[in-house]
Amino acid sequence: MNRPEITNLLWDPDDSGYPSDYLLARISARRSQLLARWESLTRDADALDRVLTARYPAQRGSVGGAAERSAEGVWLALLKEYRWIYGQMNAHMRRHYQPFFLYTELKTIFICLRYLKDDKRRQIVDILATSLLAGPLKGLLKKAPTVPFAAAGLEQAFAALSDRFRGIAGVHKTGGLREFEHELTNRYLETALTLGLHLLVLQLFRMIIDARNSIAAVRSLVRGKERAPSLLPGGLVRKEQFVAL
């Protein structure tokens, strides 16, 4: 059985998906088609061009243009990969990975909020066409008249997952869009650790927390702050190690 709260926030495919072994074989084949030698990317000045043209050879000449090379364009290409694999998973595997896919969709939400702020409605529709977000959330982001309205709707939707999200809309009022994005992400990561995650997914989330804590620590050092930054609990690296920096 899927987690009902997360299922309400994500697309729920009608089909039953494929056996795990078969899916892993398809992923392996798909990966080998993308690039034969991944390590060459570390030495390639035009790595993005190589990835795009290798993944979409039929569109060579159009892929890699200004739109596709933008941050949103690259994210849209990644969303297509996520949607493909999510749709191929069987219900059992999907249940384990739903918390991760919802985490990735936070970025989709944030991109949509920025588009909403700039009144770029068409771009919202375009990116949501590939998104794994559930229909009601897509409807909210498409039809919200303002960012504060969307923030209030997001609070209501995520509060069904955890009370940690109560009051999140107020963060936008006091700290703006950037602070809202930061706080929603942090609260989701803290919540994810309480969802009874599969061990491998749990380790992944702990590493994500370590990465965010590392960035916060580096920023604190660069800015010359005397006090340690606010750190998320639950990572593999102990808080004391960051504080010691």
Side-chain angles (χ1 to χ4, degrees), residues 3-12 67 70-79 82-83 86 98-195 205 208-209 211-213 215-216 219-220 223 225 229-234:
R3 298 177 180 87
E5 299 87 353
I6 288 186
T7 300
N8 291 339
L9 297 174
L10 287 177
W11 168 50
D12 187 16
S70 68
E72 289 79 5
V74 173
W75 181 248
L76 186 58
L78 182 58
L79 277 183
Y82 284 157
R83 187 177 180 87
Y86 188 77
Q98 278 181 330
F100 167 75
F101 283 106
L102 183 54
Y103 170 74
T104 66
E105 286 292 344
L106 294 181
K107 183 174 180 67
T108 304
I109 290 173
F110 301 151
I111 291 174
C112 287
L113 291 178
R114 294 186 199 121
Y115 282 148
L116 178 59
K117 180 181 178 182
D118 296 334
D119 198 27
K120 296 180 178 180
R121 301 280 176 169
R122 178 57 184 272
Q123 286 90 330
I124 294 176
V125 173
D126 289 344
I127 198 167
L128 289 179
T130 307
S131 170
L132 291 174
L133 291 173
L137 274 182
K138 288 184 177 182
L140 168 68
L141 294 169
K142 290 177 183 177
K143 299 176 182 177
T146 63
V147 174
F149 184 95
L154 290 169
E155 176 182 330
Q156 182 177 1
F158 278 85
L161 185 61
S162 170
D163 285 338
R164 283 184 175 87
F165 297 99
R166 299 287 181 190
I168 191 72
V171 175
H172 177 264
K173 293 180 181 179
T174 58
L177 189 52
R178 183 179 295 274
E179 186 61 27
F180 175 80
E181 294 173 359
H182 178 79
E183 188 65 19
L184 181 60
T185 303
N186 283 353
R187 293 191 191 189
Y188 181 76
L189 287 172
E190 291 183 58
T191 300
L193 299 182
T194 69
L195 297 178
F205 272 104
I208 291 172
I209 289 173
R212 290 182 68 84
N213 284 343
I215 292 172
R219 286 176 176 170
S220 180
R223 294 170 183 171
K225 293 183 178 180
S230 176
L231 300 173
L232 284 170

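Numbers here simply count residues along the sequence, with the first being 1.
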Short side-chain to backbone donor-acceptor contact, [X] and [Y], under 3.5 Å:
X    : Y    : value
T185 : E181 : yes
T174 : G170 : yes
N213 : L232 : yes

With a 4.5 Å heavy-atom cut-off, do [X] and [Y] have their side chains touching?
X    : Y    : answer
L116 : T146 : no
Y115 : F110 : no
W75  : T104 : yes
I209 : L193 : yes

Item checked: salt bridge (charged side-chain N to carboxylate O under 4.0 Å, His left out) contacts in which one or both residues fall within residues 185-194, not counting sequence neighbours -> E183-R187
Next item on the list: Mind jotting down which residue pairs meet the salt bridge (charged side-chain N to carboxylate O under 4.0 Å, His left out) criterion with at least one end in residues 149-175? Sequence neighbours excluded, please.
Entry: D163-R166
From [atom1] ([X]) to [atom2] ([Y]), nearest 0.5 Å:
X    : Y    : atom1 : atom2 : answer
F158 : L9   : CZ    : CG    : 5.5 Å
I127 : K107 : CD1   : NZ    : 8.5 Å
I111 : L106 : CD1   : CG    : 11.5 Å
R121 : C112 : CZ    : SG    : 11.0 Å
N8   : L161 : CG    : CG    : 10.0 Å
Y188 : Y103 : OH    : OH    : 10.0 Å

Next item on the list: Describe, in one word, how the ring planes of Y86 and W11 are oriented to each other, choosing from parallel (under 30°), tilted (30 to 60°) and perpendicular (over 60°).
Entry: tilted
Next item on the list: Determine, step by step, whether I215 and R219 satisfy the side-chain contact (heavy atoms from CB on, under 4.5 Å) criterion, reporting the C-alpha distance in whole Å, the side-chain angles of both residues, the deciding distance to 0.1 Å, and the verdict.
Entry: CA-CA 6 Å; I215 292 172; R219 286 176 176 170; 3.6 Å; yes
Checklist line | K117: side-chain contact (heavy atoms from CB on, under 4.5 Å) partners, not counting sequence neighbours | finding: V147, L177
Item checked: Under the side-chain hydrogen bond (donor to acceptor under 3.5 Å, both in side chains) test, residues paired with R83 that sit two or more places apart -> none
Margin query: Taking atom CD as the centre, does Q156 end up with more than 12 heavy-atom neighbours from other residues, nucleotides or ligands that are less than 6.0 angstrom away?
Written below: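 No - once you tally the heavy atoms of other residues, nucleotides and ligands closer than 6.0 Å, there are 12 at most.
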Check: Salt bridge between R114 and D118, side-chain N to carboxylate O under 4.0 Å?
Finding: no
Extract all donor-acceptor atom pairs below 3.5 Å that involve side chains of residues 129-139 and protein atoms in other chains or at least two apart in sequence.
from : atom 1 : to   : atom 2 : distance (Å)
S131 : OG     : E105 : OE1    : 2.8
S131 : OG     : L133 : N      : 3.0
K138 : NZ     : L128 : O      : 2.9
K138 : NZ     : S131 : O      : 3.1

Margin query: Please identify which of these residues, F149, F165, F180, meets the side chain to side chain contact (heavy atoms under 4.5 Å, CB included) condition with L154.
Written below: F180
Could you tell me which non-hydrogen atom of [X] sits nearest to which non-hydrogen atom of [Y], and how far apart they are?
X    : Y    : result
G153 : L140 : C-CD2, 3.6 Å
Y82  : F101 : O-CE2, 3.9 Å
A150 : A144 : CB-CB, 3.8 Å

Next item on the list: State which residues pass salt bridge (Lys or Arg N to Asp or Glu O under 4.0 Å) with R178; sequence neighbours excluded, sorted by chain then number.
Entry: none
